[in-house]
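All values below were derived from every heavy atom in this structure, side-chain atoms included, with hydrogens, water molecules and symmetry-related copies excluded.
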Amino acid sequence: MADETSIKVSAATRDRLSALATEHGTTIRQLVEELAEGRPTQAEYAERAEQARAELASVLGTAPSEQAETKARSLLQRLGARQDPAAA
């Protein structure tokens, strides 16, 4: 625990985090850590995309075009929006 810090949030956010943690049988600390660990950074997204391109190139013999990537990204965004209750 020597490598700890604190974050400042509004009282309302703290209360909401507390309620969420209680509902999930965890602590605010664990809730925040899970959030931070579960959301990739832009650099991690870029690295994953490059790995996917390399895998496709090795299997198909060629990488997808920029147009194909754009279409695929659009489709995935639309599918994700349909699954997100907040987006409805």
Side-chain angles (χ1 to χ4, degrees):
M1 287 200 196
D3 192 23
E4 291 184 357
T5 190
S6 61
I7 58 174
K8 292 186 179 200
V9 296
S10 68
T13 298
R14 181 208 54 223
D15 293 346
R16 180 165 174 78
L17 287 170
S18 179
L20 288 167
T22 299
E23 287 178 6
H24 292 274
T26 189
T27 64
I28 292 175
R29 176 187 181 139
Q30 289 171 322
L31 194 68
V32 171
E33 287 176 351
E34 288 172 13
L35 173 65
E37 292 169 7
R39 306 247 344 222
T41 64
Q42 291 298 314
E44 290 166 335
Y45 275 126
E47 182 180 343
R48 290 177 186 182
E50 189 53 43
Q51 289 172 346
R53 280 185 207 94
E55 182 66 21
L56 285 170
S58 73
V59 171
L60 302 174
T62 184
S65 67
E66 283 188 38
Q67 182 180 15
E69 283 189 40
T70 299
K71 285 182 179 180
R73 192 171 290 112
S74 176
L75 174 62
L76 290 172
Q77 287 173 342
R78 287 194 315 269
L79 291 173
R82 289 183 184 154
Q83 293 177 357
D84 182 3

Under the salt bridge (charged side-chain N to carboxylate O under 4.0 Å, His left out) test, which residues partner Glu55, sequence neighbours left out?
none
Tell me, please, which residues at least two apart from Ser74 pass side-chain hydrogen bond (donor to acceptor under 3.5 Å, both in side chains).
Arg78
All salt bridge (charged side-chain N to carboxylate O under 4.0 Å, His left out) counterparts of Arg53, not counting sequence neighbours:
Glu50, Glu69
side-chain contact (heavy atoms from CB on, under 4.5 Å) with Ala68: which residues, sequence neighbours excluded?
Pro64, Ser65
Residues which pass side-chain contact (heavy atoms from CB on, under 4.5 Å) with Thr62, listed by chain and number, not counting sequence neighbours
none
Identify, with sequence neighbours excluded, every residue that meets salt bridge (charged side-chain N to carboxylate O under 4.0 Å, His left out) alongside Glu47.
none
Which residues satisfy the side-chain contact (heavy atoms from CB on, under 4.5 Å) test with Gln77, sequence neighbours excluded?
Arg73
Pairs of donor and acceptor atoms involving the side chains of residues 13-23, under 3.5 Å and at least two apart or interchain, shall be tabulated with distances.
from  : atom 1 : to    : atom 2 : distance (Å)
Thr13 : OG1    : Ser10 : OG     : 3.0
Thr22 : OG1    : Ser18 : O      : 2.9

In chain order, what residues pass the side-chain contact (heavy atoms from CB on, under 4.5 Å) check against Thr27, with sequence neighbours excluded?
Arg29, Gln30
Do Leu75 and Lys71 have side-chain heavy atoms sitting under 4.5 Å apart?
no
Excluding Tyr45, membership of its hydrophobic cluster (Ile, Leu, Val, Met, Phe, Trp, Tyr; side-chain heavy atoms within less than 4.5 Å) reads none
Does atom CD (Glu66) have a neighbourhood of more than 12 heavy atoms from anything else shown, all under 6.0 Å?
no
Using a side-chain heavy atom cutoff under 4.5 Å and only I, L, V, M, F, W and Y, what cluster partners does Leu56 have?
Val59, Leu60
